[in-house]
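Only one structure is covered here, and it is reproduced in the block below.
All values below were derived from every heavy atom in this structure, side-chain atoms included, with hydrogens, water molecules and symmetry-related copies excluded.
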Amino acid sequence: MDLQFTTEELAFRDEVRAFLKDKLPEELAHKVKNGLRLTKQDMERWHAILNERGWLANHWPEQYGGPGWSAVQKFIFEHECALAGTPRIVPFGLSMLGPVLIKYGNEQQKNYWLPRILNGADWWCQGYSEPGSGSDLASVKTTAVRDGDHYIVNGQKTWTTLGHHANMIFCLVRTNKEVKAQAGISFLLIDMNTPGVEVRPIITLDGEHEVNEVFFTDVKVPVENLVGEENKGWTYAKYLLTYERTNIAGVGFSVAGLEKLKVVADRVQCNGKPLSQDPLFAARLAKVEIDLENMKTTNLRVIAAVAGGGVPGAESSMLKIKGTEIRQELLSLTRRAMGPYAAPFIEEALHAGYSEPAIGDEAAASAAASYFNYRKLSIFGGSNEIQKNIISKMILGL
Ligand SMILES: Cc1cc2nc3c(=O)[nH]c(=O)nc-3n(C[C@H](O)[C@H](O)[C@H](O)COP(=O)(O)OP(=O)(O)OC[C@H]3O[C@@H](n4cnc5c(N)ncnc54)[C@H](O)[C@@H]3O)c2cc1C
């Protein structure tokens, strides 16, 4: 694979840079670069800016609103966004449900739901996990029983990220209890404003409200909200997960994280020298940088395969494991580099930031909080242990 950019690709990179310089609001970039809290409005604002330019759904086919980019253009875009400090795009509609609807949804569903994902009319969340059904996802117990033109849904989902912002949830529901677990699951779109849906917050150890429990009591869902065929939901669920995992790998986040870490390691003093010159620290930094360079290539391979009509398969599991290990190592090194400055968890600082001269800027405000929060990376989207099981089955045939 030729990793040199062509003249056209370099011109595209300049176009992206100019767009980001012009359109990325400074206050959003400041928050992202310093790890400060983003509000729902912040995320919606960046979503709308990208949509206006036609650069939001960059992995969707052109006929549904994708920009028609090559794999390299997608890579360049992601890379430049990370360096500029753009907010993350909330993935549930765009990167998870969108590809499922495009592949398995009927025309009516595509025509109705896809434009609403793009224009931000719906905020989606993911109703896969349940108490007792995480790694063993096929054991989901939430039921959907057909009653005329509706399904009646009863059960509970958990760990629902940003469910408190969402008006729609895509759910795995059990429609047949008599068959093998995987053969009795359906994929249902549920309006969260329907009577019988209740969202309860889960407050995590760091005081954050990011995840929720969602309860369904006799919730009436129109049958037209079934995606694909009844009892075939497991196929769609797995397809969605490959996109989710590729997304979690977050190459762009790591590129930006490495840049930030290098700046800090040059500023912080250790035995009278910059920490970046400490042999042990420098060795860890070099290792993570090499891993990241390798992962960029794997990421390009996966993007190229998808652009060529393929589906990210076991590669998405490889990317998820390596990508999350790199992200966690970068956060760990950043926290170590900041030493005692990273220790306090100051709620207000996560909104407003604080300036620490020894570190520079406001980066220390979020170092400890990010370190702890991102332990989740190796758990959600299917834990890294589960990804190893998938790789051993799909590649090694074990
Ligand atoms: C912050 C956060 C956000 C999340 N957001 C969402 C969301 O928006 N929507 C959603 O549906 N879910 C979400 N999840 C749920 C997530 O997908 C599950 O937590 C994950 O799949 C693990 O399931 P579990 O928590 O039930 O752990 P368990 O399945 O109980 O696993 C516990 C431990 O055992 C290991 N283990 C289990 N089975 C095996 C095996 N066969 N081989 C080897 N090791 C094994 C696991 O790796 C893990 O270390 C989120 C989770 C977190 C932490």
Side-chain angles (χ1 to χ4, degrees), residues 1 59 78 88 91-92 95-96 99-100 126-140 157-161 172 180-183 185 204 210-211 233-255 257-258 283-284 286-306 310-333 370-398:
M1 184 186 290
H59 51 287
E78 190 186 341
R88 76 170 186 146
F92 304 107
S95 305
M96 297 191 200
V100 169
Q126 180 185 28
Y128 272 29
S129 305
E130 298 181 2
S133 302
S135 300
D136 183 15
L137 187 60
S139 70
V140 287
K157 297 292 172 182
T158 191
W159 301 118
T160 320
T161 300
L172 297 185
K180 189 176 159 222
Q182 286 83 348
I185 293 172
T204 43
E210 192 174 77
V211 286
W234 186 242
T235 303
Y236 320 144
K238 285 192 297 182
Y239 180 74
L240 180 147
L241 282 170
T242 59
Y243 280 89
E244 179 178 1
R245 287 167 189 152
T246 308
N247 196 44
I248 294 173
V251 179
F253 289 105
S254 292
V255 169
L258 182 67
R284 275 182 77 177
K287 179 171 184 323
V288 77
E289 187 163 6
I290 292 166
D291 280 352
L292 180 55
E293 282 306 311
N294 288 334
M295 202 184 60
K296 278 188 203 165
T297 315
T298 310
N299 190 41
L300 256 177
R301 276 200 344 242
V302 174
I303 298 174
V306 174
V311 176
E315 294 81 4
S316 70
S317 297
M318 287 158 62
L319 267 182
K320 202 242 161 184
I321 296 170
K322 206 62 208 171
T324 54
E325 283 176 358
I326 290 171
R327 285 174 77 179
Q328 290 182 338
E329 173 69 350
L330 284 168
L331 290 163
S332 173
L333 285 173
S370 299
Y371 168 81
F372 285 112
N373 187 285
Y374 284 101
R375 298 300 97 193
K376 68 189 175 189
L377 294 174
S378 43
I379 301 172
F380 64 25
S383 72
N384 284 12
E385 290 78 21
I386 294 300
Q387 303 316 308
K388 288 176 188 168
N389 290 350
I390 292 173
I391 291 169
S392 72
K393 255 196 211 143
M394 289 180 77
I395 297 185
L396 306 174
L398 298 175

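For Val140 against Glu130, the heavy-atom pair with the smallest separation is CB-OE2, 3.4 Å. The shortest non-hydrogen separation linking Pro99 to Tyr239 is O-CE2, 3.5 Å. Counting all heavy atoms, side chain and backbone alike, Leu331 lies closest to Ser370 at CD2-CB, 3.8 Å. Residue Ser139 comes nearest to Gly132 through the heavy atom pair OG-O, 3.7 Å, listed as atom of the first residue, atom of the second, then distance.
The backbone N or O of Gly382 lies less than 3.5 Å from a partner atom in the side chain of Gln387, making a donor-acceptor pair. Tyr128 places a side-chain N or O within donor-acceptor distance of the main-chain N or O of Ala237, the cut-off being under 3.5 Å. The backbone N or O of Val255 lies less than 3.5 Å from no partner atom in the side chain of Lys296, so there is not a single donor-acceptor pair. In this structure a side-chain-to-backbone donor-acceptor pair under 3.5 Å is missing from Arg284 to Leu330. A donor-acceptor pair under 3.5 Å links the side-chain atoms of Ser392 to the main chain of Asn389, judged by distance alone.
For Glu244 and Lys320, the salt-bridge test fails: no basic side-chain N is under 4.0 Å from an acidic carboxylate O.
Side-chain contact between Ile326 and Glu329 is absent, with no heavy-atom pair separated by less than 4.5 Å. By the 4.5 Å heavy-atom criterion applied to side chains, Ile321 and Ile391 are counted as neighbours. Using a 4.5 Å cut-off on side-chain heavy atoms (C-beta onward), His59 and Ser95 make contact. Contact check for Gln126 versus Leu240: side-chain heavy atoms found under the 4.5 Å cut-off. Within the 4.5 Å cutoff, the side chain of Ile390 has heavy atoms near those of the Arg245 side chain. Contact annotation: the side chain of Ile386 approaches that of Ser383 to within less than 4.5 Å [non-hydrogen atoms, C-beta and beyond]. At a threshold of 4.5 Å between non-hydrogen side-chain atoms, the residues Leu137 and Trp234 count as touching. Within the 4.5 Å cutoff, the side chain of Thr161 has heavy atoms near those of the Phe92 side chain.
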Between Thr160 and Val211, is the side chain to side chain contact (heavy atoms under 4.5 Å, CB included) condition met? List the steps. CA-CA 5 Å; Thr160 320; Val211 286; over 6 Å; no
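The CD atom of Glu78 lies 9.5 Å from the CG atom of Leu300; values are rounded to the nearest 0.5 Å. Atom CD1 of Ile290 sits about 9.5 Å away from atom CD of Glu293, to the nearest 0.5 Å. Note that CD1 of Ile248 and CG of Leu241 are 8.5 Å apart. Values are rounded to the nearest 0.5 Å. How far CE of Met318 is from CD1 of Ile395: 5.0 Å, rounded to the nearest 0.5 Å. Put simply, CG on Asn294 and CG on Asn299 are 12.5 Å apart, with the number rounded to the nearest 0.5 Å. Atom NZ of Lys322 is separated from atom OG1 of Thr324 by 9.5 Å, given to the nearest 0.5 angstrom.
Side chains of Gln328 and Ser378: a donor on one and an acceptor on the other come within 3.5 Å. Side chains of Ser129 and Thr158: a donor-acceptor N/O pair is absent below 3.5 angstrom, by distance only.
Cation-pi geometry between Arg88 and Phe253 is not satisfied (NZ or CZ under 6.0 Å from the ring centre, within 45° of the ring normal). Note that Lys238 lies outside the cation-pi zone of Tyr236, set by a 6.0 Å cut-off to the ring centre and a 45° limit from the axis. Both tests do not hold together for Arg375 against Phe372: distance to the six-membered ring centre under 6.0 Å, angle to the ring axis within 45°.
Within a 6.0 Å radius of CH2 in Trp159, other residues, nucleotides and ligands contribute 12 heavy atoms or fewer.
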